[in-house]
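Everything below concerns the one structure shown next.
First the proteins, then the strands, lettered A, B, ... as listed; each starts at 1.
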Amino acid sequence: MFTLLKISPHHSKRLSLHSPFTTTLAPSPSPSPSPPAASPTAIVSLILTSTNPQTLTQTLHSPTLPWTPQLVDQIIKRLWNHAYKALHFFTVLSYHPTYSHSLSSFDHAVDLAARLRDYKTVWTLVHRMKSLRLGPTPKTFAIIAERYASAGKADRAVKLFLSMHEHGCGQSLTSFNTILDVLCKEKKVEKAYNLFKIFRGKFKADVVSYNVIANGWCLVKRTGKALEILTEMVDTGLEPNLTTYNIMLKGYFRAGQIEEGWRFFLEMKKRKCEMDVVTYTTVVHGFGVVGEIKRARKVFDGMIKEAVLPSVATYNALIQVLCKKDSVENAVVLFEEMVRKGYVPNLTTYNVVIRGLCHAGEMERAMEFMGRMKDDECEPNVQTYNIMIRYFCDAGDVEKGLDLFEKMGTGDCLPNLDTYNILISAMFVRKKSDDLLVAGKLLIEMVDRGFMPRKFTLNRILNGLLLTGNQGLAKEILRLQSRCGRFPRQFKL
DNA sequence: GTAGGGTTAG
């Protein structure tokens, strides 16, 4: 263990008993005669069903629509999994006679274009932001860098950071730490460490910089390297903080070094380090995932004695490991117990329980929990649907999976890449030739919505269609394949 | 949107 120094007092995060999301748009008190409804839902479905761009533009430019940055952002968020539609909406509104986009809407648009790997559009947007004097800000650069890195272009992410100032956005210690973190999260810790060594003097690396690098090593399970860098930090006179310790602790458990993790935890306690709910949640989860349910429970029960209250995340951690390593019944018991104590389960809680029930073959009960989500003001999200669809398909109930998928198309939760992959795979378990056609249609639809199919998926469908004599659809997909080296199409701003 | 805990499959 590196030299433990005193940690300055740190307030534990407050217990979060309420879901932070209240997405309802304030309804106008008295309904006016006949304006287009301003609810995000109505506008989103208008955009999704519209076939005539001109009419859509007219409607969106209608003076009765009270555009605000919040409303625009909400709509973009709802259209997130239909990136072209979302960008089209953004574009139409940029020609609005009186409304003009906010910085955050620009950032969302940049994020969408970058996800499509349409970098030309990204830079057009950046220049437009600049001419409107809205940005780009360090956040804009963080978004682009993250997308570069996740597209396997870590070097471009670094270059972007190095050229920020050329776009009128000064570098700082914060932006330095951000680029290091982006690289680390993509498991490019070596690259991050090299950058760190070059610039730590220039930017006056602080405890955050060191924590980011240590966490980077932990993410690739190199706890020894993490300790090394932290020792170096202490040698330069910087003191570790609670985050530092929590990073190391998580690192040990993630690397499967359970006893080292436990010893580290005991050492923290012995040296009277501040311990917070994150510390305890890490240990509860760490023990749980290796099946040490009793020890997980003991730590969970013990934290209250130390005057650290579990958070919803702590419950989620324990509920998840009970599902996996104990029984879903005990998980449900704990779920009810947390509710009794006044905690409000969040999306993660529900998704964890629903997955547990599905895994135990309890599809009916899983559906019940899904219906129960509304009571806690959380709607099922893509992950919820993906879980249900996957398990319905696995259980051979492909029809029910498709039913849920249909529901997503019309509702306010659009399918994402995973949804398509799950369904397309499911289309290959039965040997019905119709299924192959459905798979083909799904493939075309996903590309249309800005999702790249894997080569494997594409070839599998193509071969199937050719073998079963569906030349027409196969040809259509072949046309897609020819464009698959890059992203299907560039967005027209 | 500067760092740490909870959802995803071995």
Compare the minimum distances between each of B:dT7, B:dG1, B:dG6 and the side chain of A:Arg355, then state the nucleotide with the smallest one. B:dT7

Quickly work out the A:Ile179 CD1 to B:dT2 C1' distance and round it to whole Å. 12 Å

Looking only at side-chain N and O atoms, does A:Thr137 offer a donor or acceptor that is under 3.5 Å from a partner on A:Thr140? yes

Heavy atoms under 4.0 Å, any strand shown: does A:Thr178 hit a base, just sugar-phosphate, or nothing? sugar-phosphate

Is a side-chain donor-acceptor pair under 3.5 Å present for A:Asp206 with A:Ser209? yes

Set of salt bridge (Lys or Arg N to Asp or Glu O under 4.0 Å) partners for A:Asp397, sequence neighbours left out: A:Lys400

Which residues pass the ring-ring contact (aromatic ring centres under 6.0 Å, His included) test with A:Phe253, not counting sequence neighbours? A:Phe287

Please list all pairs meeting ring-ring contact (aromatic ring centres under 6.0 Å, His included) that have one or both residues in residues 131-157 of chain A, counting only residues at least two apart or in different chains. A:Tyr119-A:Tyr148, A:Phe141-A:His167

Report the distance from atom CG of A:Leu219 to atom C1' of B:dG5, rounded to the nearest whole Å. 13 Å

For a side-chain contact (heavy atoms from CB on, under 4.5 Å) check, start with the C-alpha distance between A:Asp235 and A:Thr231, then their side-chain angles and the critical distance, and finish with the verdict. CA-CA 6 Å; A:Asp235 288 345; A:Thr231 308; 4.2 Å; yes

Contact list please: residues 192-200 of chain A against DNA chain B, heavy atoms, distance less than 4.0 Å, in numerical order. none

Quick one: label A:Thr282 by what it contacts on the DNA or RNA (base, sugar-phosphate, nothing), any heavy atom closer than 4.0 Å. sugar-phosphate

When only distance counts, do a donor and an acceptor, one from the side chain of A:Asn346 and one from the base of B:dG6, lie under 3.5 Å apart? yes

Separation of B:dT7 P from A:His359 NE2 (nearest whole Å): 15 Å

What is the distance, to the nearest angstrom, from the CG atom on A:Leu334 to the C1' atom on B:dG6? 13 Å

What does A:Thr137 touch in the nucleic acid at a heavy-atom separation under 4.0 angstrom: a base, only the sugar-phosphate, or nothing? nothing

Nearest whole angstrom, please: distance from the C1' of B:dA9 to the NZ of A:Lys324. 8 Å

Closest of B:dG1, B:dA3, B:dT8 to the A:Asp418 side chain is B:dT8

Heavy atom of residues 383-393 of chain A under 4.0 Å from DNA chain B: which residues? A:Gln383, A:Arg390

A:Met338 CE - B:dG6 P separation (whole Å): 16 Å

Looking only at side-chain atoms of A:Asp206, point me to the closest of B:dG6, B:dA3, B:dT2. B:dT2

Between A:Tyr385 and A:Phe392, does the ring centroid distance fall short of 6.0 Å? no

Side chain of A:Ala313 (C-beta onward), nearest among B:dT7, B:dA3, B:dG5: B:dG5

Distance in angstrom units between A:Met373 CE and B:dT7 C1', rounded: 11 Å

Using a 4.0 Å heavy-atom cut-off across all strands, classify A:Val208 as base, sugar-phosphate, or nothing. base

Answer yes or no: does atom NZ of A:Lys159 have more than 12 heavy-atom neighbours from other residues, nucleotides or ligands under 6.0 Å? no

Contact class for A:Lys250 vs. all strands (heavy atom < 4.0 Å): base, sugar-phosphate, or nothing? sugar-phosphate

Should A:His285 be listed as having a side-chain N or O under 4.0 Å from OP1 or OP2 of B:dG5? no

Plane angle bin for A:His101 and A:Phe90 - parallel if under 30°, tilted between 30 and 60°, otherwise perpendicular: parallel

Compute both the distance and the angle, then confirm whether A:Arg297 meets the cation-pi test with A:Phe300: under 6.0 Å from the six-membered ring centre, within 45 degrees of the axis. no

So for A:Thr279 and B:dG5, does any side-chain atom that can act as donor or acceptor lie under 3.5 Å from a complementary atom in the base? no

Reckon A:Gln320 has a side-chain N or O less than 4.0 Å from the OP1 or OP2 of B:dG6? no

Of the nucleotides B:dG6, B:dA3, B:dG5, which has the atom closest to the A:Thr243 side chain? B:dA3

Which residues pass the ring-ring contact (aromatic ring centres under 6.0 Å, His included) test with A:Phe161, not counting sequence neighbours? A:Phe203

Please determine, for the side chain of A:Ala317, which listed nucleotide (B:dG6, B:dT2, B:dG1) has the closest atom? B:dG6

Atom-pair distance (CZ on A:Phe300; C1' on B:dG5), nearest Å: 13 Å

Checking contacts here: which listed nucleotide (B:dG5, B:dA3, B:dT7) is nearest the side-chain heavy atoms of A:Arg254? B:dG5

